[in-house]
Amino acid sequence: MRTHARRRAALAAVTAAVCAAAAAVAVQLPDRSGRAPQHPDRTQPVAAAAPSAAAAQCTDPEASLRPSTVDGPAVQRIKARGRLVAGVDQNSYHWGYRDPATGELSGFDIDLVHAIAKDLLGDPDKVVFIAVTTSQRIPALEQGKVDIIARTMTINCERAAQVAFSTAYFGTGQQLLIPRKSPITGFDDSLAGRRVCAAKGSTAETQLKKNPHSASVLTVPNQLDCLVRLQLGQADAVLTDGALAAGQAAQDPSVGLVGKPFTTESYGVAMNLKDEDLVRRVNAVLEEFRRGGGDSPWMQAYRKWLAADLKGITAPPEPKYRD
């Protein structure tokens, strides 16, 4: 028992240290070379456009704009600057995280950003990475701090009225992460009287507001903060996307997923509503990212980062277009 307690305490300390480091670093992250790129020449925020009629009516938020390689104002802005500015996570294991072995940002979302940068600028490393919390993803786009958000961001109607999404690049659903010996059985009445943690501004927080199952809800800035709370015994469960929870379980074998996903959600790359040409260009990149069957860049990234913990996925989601 003492050995197990010491192990859990050590895991919590390591994870807490990662969180503290993430909070302490400069918002602008270094590129693969280890050098912090110069801040982009973008002093004036790009105001968000008024929600389009399609977004307001929102019959299918996953339907995006058809691909195009035409250089419109947003693409020209990025090319003139010489860098793509991407809002990402740096503590979501296998999605967007700082690899302790290399010091580089790594993960599925990071590979996708590099693919977009290569298409736009001819060099996958011409990226300025900006670390953003879950709740700051939309404000970062509305205020012109980033060109894109590639941070496991679920496409839904509420968000589609505020930002523009690419086509879906990954499918997931809400699921609970718990200590392996917990009596919690799923997102049900077994949560009554328990403490459930979710990231502020996440779809998990929205689900808990709809039906907390008599649990008390704890919100934190980032998903990894929830794992720390779970390890320290300050939370009894974490509600998040199953794709993210699988990464957290891979970090700490004393926790695991319980129950089946009870929502159907898709991740998309988010952009400012005004940047329609950039949306079309990113969708063109995603078409190439999916192309090639089992040898596609998408499947290669899946096998590299996700297959060990998210088994059985044989293809990327099919794109949907509205025009």
Side-chain angles (χ1 to χ4, degrees), residues 19 22-23 25-32 36-49 64 74-75 77-78 81-98 104-121 124-156 158-160 162-166 168-170 199-203 221-225 241 243-244 266-275 278-279 281-283 285-286:
C19 285
V25 298
V27 172
Q28 186 169 303
L29 306 175
D31 59 18
R32 286 180 176 179
Q38 295 298 311
H39 195 278
D41 183 17
R42 187 174 179 177
T43 57
Q44 297 299 321
V46 178
S64 186
V75 173
R77 178 186 75 228
I78 294 166
R81 183 197 304 133
R83 295 272 180 173
L84 173 70
V85 185
V88 297
D89 199 354
Q90 63 169 346
N91 55 24
S92 286
Y93 192 50
H94 288 167
W95 287 97
Y97 74 107
R98 180 71 64 185
E104 294 181 357
L105 279 175
S106 303
F108 191 97
D109 283 344
I110 305 303
D111 282 1
L112 179 54
V113 171
H114 284 302
I116 295 169
K118 183 178 180 179
D119 179 83
L120 290 174
L121 300 164
D125 292 333
K126 288 189 175 180
V127 182
V128 176
F129 288 109
I130 304 291
V132 293
T133 63
T134 303
S135 62
Q136 288 302 306
R137 292 176 297 190
I138 290 175
L141 287 168
E142 292 179 332
Q143 296 165 14
K145 294 180 179 179
V146 298
D147 299 311
I148 65 172
I149 292 285
R151 194 189 183 284
T152 57
M153 189 169 179
T154 297
I155 304 168
N156 60 34
E158 181 181 358
R159 291 171 176 171
Q162 300 172 279
V163 297
F165 281 105
S166 71
Y169 67 85
F170 202 86
K200 185 173 179 60
S202 66
T203 48
N222 290 297
Q223 293 292 345
L224 191 62
D225 298 324
D241 306 337
L244 285 172
S266 297
Y267 296 152
V269 179
M271 289 151 278
N272 190 284
L273 281 170
K274 292 179 65 176
D275 291 347
L278 182 58
V279 176
R281 189 62 171 265
V282 169
N283 282 338
V285 175
L286 285 171

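Note that the numbering runs from 1 along the sequence shown for the chain. It should be emphasised that the depicted structure is a prediction, and the values quoted were computed from it without experimental measurement. Quick note: numbers below take in every heavy atom, side chains included, and nothing from hydrogens, waters or symmetry partners.
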Student: Assign the ring pair Phe170 / Tyr267 to parallel, tilted or perpendicular, where the plane angle (0 to 90°) is split at 30° and 60°.
Tutor: parallel
Student: Compare all side-chain heavy atoms of Tyr93 with those of Leu224 and state whether any distance is below 4.5 angstrom.
Tutor: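 Sidechains of Leu224 and Tyr93: no contact.
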Student: Nearest 0.5 angstrom please: Ser64 OG to Phe165 CZ, how far?
Tutor: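 These two atoms lie 10.0 Å from each other.
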Student: Determine yes or no for a side-chain-to-main-chain donor-acceptor pair under 3.5 angstrom, with Asp225 supplying the side chain and Asn222 the backbone.
Tutor: yes
Student: Drop me the distance from Asn283's CG to Ser166's OG, to the nearest 0.5 angstrom.
Tutor: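 Between atom CG of Asn283 and atom OG of Ser166 there are 5.5 Å.
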Student: Would you check if Glu104 and Ile110 make a side-chain contact, meaning some heavy-atom pair closer than 4.5 Å?
Tutor: no
Student: Give a yes or no answer on whether the side chain of Asn156 reaches the backbone of Arg159 with a donor-acceptor pair at less than 3.5 Å.
Tutor: yes
Student: Do Val163 and Met271 come within less than 4.5 Å of each other through their side chains, counting heavy atoms only?
Tutor: no
Student: Test salt bridge (Lys or Arg N to Asp or Glu O under 4.0 Å) on Asp125 and Lys118; report intermediate values, then the result.
Tutor: CA-CA 8 Å; Asp125 292 333; Lys118 183 178 180 179; over 6 Å; no
Student: Considering all heavy atoms of both residues, which atom of Ala140 and which atom of Val132 are nearest to each other, and what is their separation?
Tutor: CB-CG1, 4.2 Å
Student: Show the nearest heavy-atom pair for residues Pro139 and Ser135, with the distance to one decimal.
Tutor: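 Looking at all heavy atoms of both residues, the closest pair is CD-O, 3.6 Å.
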Student: Does the side chain of Leu84 come within less than 4.5 Å of Val128's, by heavy atoms?
Tutor: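 They are not in contact (no side-chain heavy atoms under 4.5 Å apart), so the answer is no.
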Student: Where do Val269 and Ile149 land on the side chain to side chain contact (heavy atoms under 4.5 Å, CB included) test, with the steps shown first?
Tutor: CA-CA 6 Å; Val269 179; Ile149 292 285; over 6 Å; no
Student: Nearest 0.5 Å, what's the CD1-CG distance between Ile148 and Leu141?
Tutor: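 The CD1 atom of Ile148 sits 9.0 Å away from the CG atom of Leu141.
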Student: With rounding to the nearest 0.5 angstrom, report the CD to CG distance, Glu142 to Asn272.
Tutor: 7.5 Å
Student: Is any side-chain heavy atom of Ile78 less than 4.5 Å from a side-chain heavy atom of Arg83?
Tutor: no
Student: Is there a side-chain contact between His114 and Asp119, using heavy atoms and a 4.5 Å cut-off?
Tutor: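 Side chain of His114 against side chain of Asp119, heavy atoms only: no contact under 4.5 Å found.
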Student: Can you find a heavy atom in the side chain of Asp147 that is under 4.5 Å from one in the side chain of Asp275?
Tutor: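 No; the side chains remain at least 4.5 Å from each other.
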Student: Could you measure the distance from the OG1 atom of Thr154 to the CZ atom of Arg137? Nearest 0.5 Å is fine.
Tutor: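 Here the interatomic distance stands at 7.0 Å.
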Student: Might you point out which heavy atoms bring Thr133 and Pro221 nearest each other, and give the distance in Å?
Tutor: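 That would be CB-O, 3.9 Å.
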Student: Before giving the answer on salt bridge (Lys or Arg N to Asp or Glu O under 4.0 Å), spell out for Asp109 and Arg151 the whole-Å C-alpha distance, their side-chain angles and the decisive distance to 0.1 Å.
Tutor: CA-CA 6 Å; Asp109 283 344; Arg151 194 189 183 284; over 6 Å; no
Student: Which heavy-atom pair separates Ala131 from Gln90 by the least distance, and what is that distance?
Tutor: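 Smallest heavy-atom distance, with atoms named: CB-NE2, 4.1 Å.
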Student: Are Ser202 and Gln223 close enough that some pair of their side-chain heavy atoms sits under 4.5 Å apart?
Tutor: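 Side-chain contact under 4.5 Å: yes.
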Student: Please report the interatomic distance CG(Leu112) to OH(Tyr169), rounded to the nearest 0.5 Å.
Tutor: 6.0 Å
Student: List the steps, then state whether side chain to side chain contact (heavy atoms under 4.5 Å, CB included) holds for Trp95 with Leu244.
Tutor: CA-CA 8 Å; Trp95 287 97; Leu244 285 172; 3.8 Å; yes
Student: Please name the pair of heavy atoms, one in Gly87 and one in Val146, separated by the smallest distance, quoted to 0.1 Å.
Tutor: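 Shortest heavy-atom contact: N-CG1, 3.8 Å.
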